[in-house]
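Next up is a structure, given as structure tokens.
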Amino acid sequence: MRSPLGLRARSLQPSATIAVDARAKALVAQGVDIVNLTAGEPDFDTMPAARAGGIAAIEQGFTRYTPVPGIAELREAIAKKLNDDNGLEYKAAQVVVSNGAKQSIYNALMVLLDPGDEVVIPTPAWVSYPEMVKLAGGVPVMVDTQPNQYRLDAKALAAAITPRTKVIVLNNPSNPTGVVYSDAELRMVAGLAVSNDLYVISDEIYEKLTYGAEFISIASLGPEILDRTVTVNGFSKAYAMTGWRMGYAAANPEIAQAMSSFQSQCTSGASSITQHAALAALKGDQAPVEAMRVQFDRRRRYVAGRLEPMPGIHLDGMPEGAFYIFPRVDELYGKQVAGIEINGSVRFAEALLERSRVAVVPGLPFGSDRHIRISYACSLETLTEGMDRFEAFARSLADGR
Ligand SMILES: Cc1ncc(COP(=O)(O)O)c(C=O)c1O
């Protein structure tokens with residue numbers, strides 16, 4: 001019998017973290033006390049204004065199909081936000097609202113790429129980028145930023161560009177490294193894009209969560225790069241709205257129109273209720289966003305302060321954005337714990353779970369097998385317990401126990 005699955009489905013990578021994830025869930029189901037430091041979403045409630053906006057939409061009967069790229073008021077409000085907050089001169093007609101930033105990125109790749117086109121992705125990077133590139137027929141080209149402390153290196157990027165390169169994907173601030181790119185780095189990327197006739201997908205979903213470093217949208221650096229950039233953002237992280245599914249992209253009119261047409265054949269417009277909730281979030285009091293950021297900053301400093309003195313654990317620079325810390329742990333590889341030979345980040349995470357009941361995400365799927373990702377999107381009490389357990393684990397490995 002021939003395979004029920006086509007090539008596309010067969011080429012999808014099973015997630016390297018599935019085994020660790022499944023084991024953590026099984027342990028929780030058995031009632032084992034696990035400290036979960038894997039969350040990819042804020043542990044805060046959606047702010048009252050957005051909730052009220054969603055409820056009002058239901059009550060008022062805004063429950064039908066919307067225009068594919070979004071309701072006019074929301075596109076206007078997003079264009080205003082991009083102008084006011086980010087210095088981006090987009091008009092409402094250039095905004096396409098989607099079911100999460102994830103869909104916006106996928107829409108962009110689907111309309112920008114031809115089969116075989118190459119997409120440069122600085123790594124460590126969010127796990128979905130290379131898989132989405134492949135689904136869209138492209139070829140991901142990973143550029144390792146580790147030798148440069150996760151900063152963008154002009155030489156390394158230039159060396160990765162070939163005549164087949166069409167797109168550079170930037171994630172600013174970065175999941176998992178927490179890097180926020182500087183004006184100089186972004187100007188360098190913009191220069192490469194313009195001189196090599198490339199497009200940039202700038203995923204700015206963690207924009208509101210920065211801790212001192214100035215956030216700059218690459219498309220704000222001049223009209224040429226504005227024209228070549230698809231700016232992606234959303235409500236999941238800044239407004240704690242992951243379950244509502246609301247993201248957006250803004251781009252030059254030709255690209256925006258194509259993304260809207262593509263979306264019209266896949267999913268149509270995003271949920272009408274969510275669009276009204278998002279509109280209310282943008283128009284409402286922004287104090288909850290800042291309150292959340294302040295909490296994240298406290299936790300970030302706490303976790304970094306705990307990790308720094310631990311034996312065998314290295315922080316190559318302090319994360320400046322998002323809500324993750326990405327310590328290097330490979331000095332502790334080579335030991336055996338709970339019957340597990342620790343020979344990489346997946347085994348490290350497994351051993352940490354078995355021995356100390358702490359769940360983290362291995363670095364491997366992000367493009368570094370020397371690291372693990374710790375999320376601080378959980379309470380300080382949880383982080384304290386997690387760091388106590390993690391420290392005991394690191395010490396036992398370092399002491400060879
Ligand atoms: C870098 C990055 N981009 C995009 C997303 C997806 O966001 P959304 O919930 O808007 O689809 C995530 C979610 O974890 C992310 O980490």
Side-chain angles (χ1 to χ4, degrees), residues 15 17 21 36-44 46 50 70 74 78 81 95-110 119 121-133 135-136 140 142 145 150 167-181 200-210 215 217-218 229-250 259 263 266-267 269-271 274-275 277-278 281-282 289 296 319-326 360-361 363 365-367 373-378:
S15 165
T17 64
D21 230 40
N36 189 344
L37 304 181
T38 66
E41 57 186 343
D43 55 318
F44 296 87
T46 299
L74 179 59
I78 289 170
K81 178 258 174 235
V95 173
V96 181
V97 170
S98 297
N99 299 282
K102 202 170 203 173
Q103 187 182 19
S104 303
I105 298 163
Y106 190 61
N107 286 346
L109 289 167
M110 285 301 284
V119 177
I121 307 171
T123 57
W126 186 42
V127 295
S128 290
Y129 298 136
E131 294 310 312
M132 286 202 267
V133 167
L135 283 172
M142 314 308 268
T145 60
Y150 313 129
V167 174
I168 302 177
V169 173
L170 275 192
N171 180 205
N172 182 30
S174 158
N175 168 13
T177 65
V179 164
V180 178
Y181 296 122
V200 175
I201 297 176
S202 183
D203 176 355
E204 305 181 355
I205 188 104
Y206 292 100
E207 170 212 352
K208 294 290 179 205
L209 302 175
T210 60
F215 168 78
S217 271
I218 187 166
T229 300
V230 180
T231 301
V232 174
N233 208 324
F235 290 74
S236 285
K237 318 290 173 170
Y239 293 101
M241 288 178 71
T242 46
W244 294 79
R245 310 309 301 128
M246 174 55 43
Y248 56 88
M259 287 198 293
Q263 183 167 296
C266 308
T267 57
S271 151
T274 295
Q275 290 189 58
L282 281 181
V289 181
F296 278 136
E320 306 166 305
F323 40 69
Y324 311 104
I325 290 200
F326 200 58
V360 299
V361 184
F366 298 97
R373 190 191 74 174
I374 294 173
S375 162
Y376 48 89
C378 51

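Order of appearance sets the numbers: ligands from 1, and atoms from 1 within every ligand.
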Considering S236, A322, A101 one by one, which has a heavy atom nearer to atom 9 (O) of ligand 1 than any of the others?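 Heavy atom nearest to atom 9 (O) of ligand 1 belongs to S236.
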
Going by distance alone, is a donor N or O of one side chain under 3.5 Å from an acceptor N or O of the other, for E41 and S236?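 No - no donor-acceptor pair under 3.5 Å links their side chains.
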
Just checking, is any N or O donor in the side chain of T210 or E320 under 3.5 Å from an acceptor N or O on the other one? no

For N99 and ligand 1, does the shortest N/O to N/O distance drop below 3.5 Å?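 N/O-N/O distance under 3.5 Å: no.
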
Between N171 and Y206, do the side chains contain a donor N or O and an acceptor N or O under 3.5 Å apart? no

Compute the minimum heavy-atom distance from E41 to ligand 1 and say whether it is under 4.0 Å. no

May I ask you to check whether W244 and T46 show a side-chain donor-acceptor distance below 3.5 Å?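 Yes.
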
Note the single closest protein heavy atom to atom 7 (O) of ligand 1, along with its residue, its atom name and the distance in Å.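 Looking at atom 7 (O) of ligand 1, the protein heavy atom closest to it is I205 CD1, 3.8 Å.
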
To which protein heavy atom is atom 6 (C) of ligand 1 closest, and what is the distance rounded to 0.1 Å?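 Residue, atom and distance for the closest contact: W126 CH2, 3.8 Å.
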
Whether K81 and E207 form a salt bridge (side-chain N of Lys/Arg under 4.0 Å from carboxylate O of Asp/Glu) is what I want to check.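 Here E207 pairs with K81 in a salt bridge, since their nearest N and O are under 4.0 Å apart.
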
Does some non-hydrogen atom of G100 fall short of 4.0 Å from ligand 1? yes

Would K237 count as a contact of ligand 1 if the rule is a heavy atom under 4.0 Å away? yes

Say whether Y129 and ligand 1 are in contact under the criterion: heavy-atom distance to a ligand atom below 4.0 Å.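 Yes, Y129 has heavy atoms under 4.0 Å from ligand 1.
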
Heavy atom of the protein closest to atom 11 (O) of ligand 1 (residue, atom name, distance): R245 NH2, 2.8 Å

Would you compute the distance between atom CE of M259 and atom CD of Q103 and round it to the nearest 0.5 angstrom? 10.5 Å

Hey, is ligand 1 close enough to N171 that some N/O pair sits below 3.5 Å? no

Are Y181 and F215 close enough that their ring centers fall under 6.0 Å?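 So the answer is no for these two rings.
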
Does Y206 come within less than 4.0 Å of ligand 1, judged by its heavy atoms? yes

Hey, could you give me the CG/CD1 distance between N107 and I201, rounded to the nearest 0.5 Å?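 One gets 10.0 Å once the value is rounded to the nearest 0.5 Å.
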
Before signing off on this row, confirm whether N175 and ligand 1 have an N or O atom pair separated by under 3.5 Å.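 Min N/O separation from ligand 1 is below 3.5 Å for N175.
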
Residue pair E204 / N233, side-chain donor-acceptor N/O under 3.5 Å: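 No.
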
Quick one: nearest non-hydrogen protein atom to atom 3 (N) of ligand 1, plus distance? D203 OD2, 2.6 Å

Does the residue T242 have a heavy-atom contact with ligand 1, meaning some pair of atoms that are separated by less than 4.0 Å? no

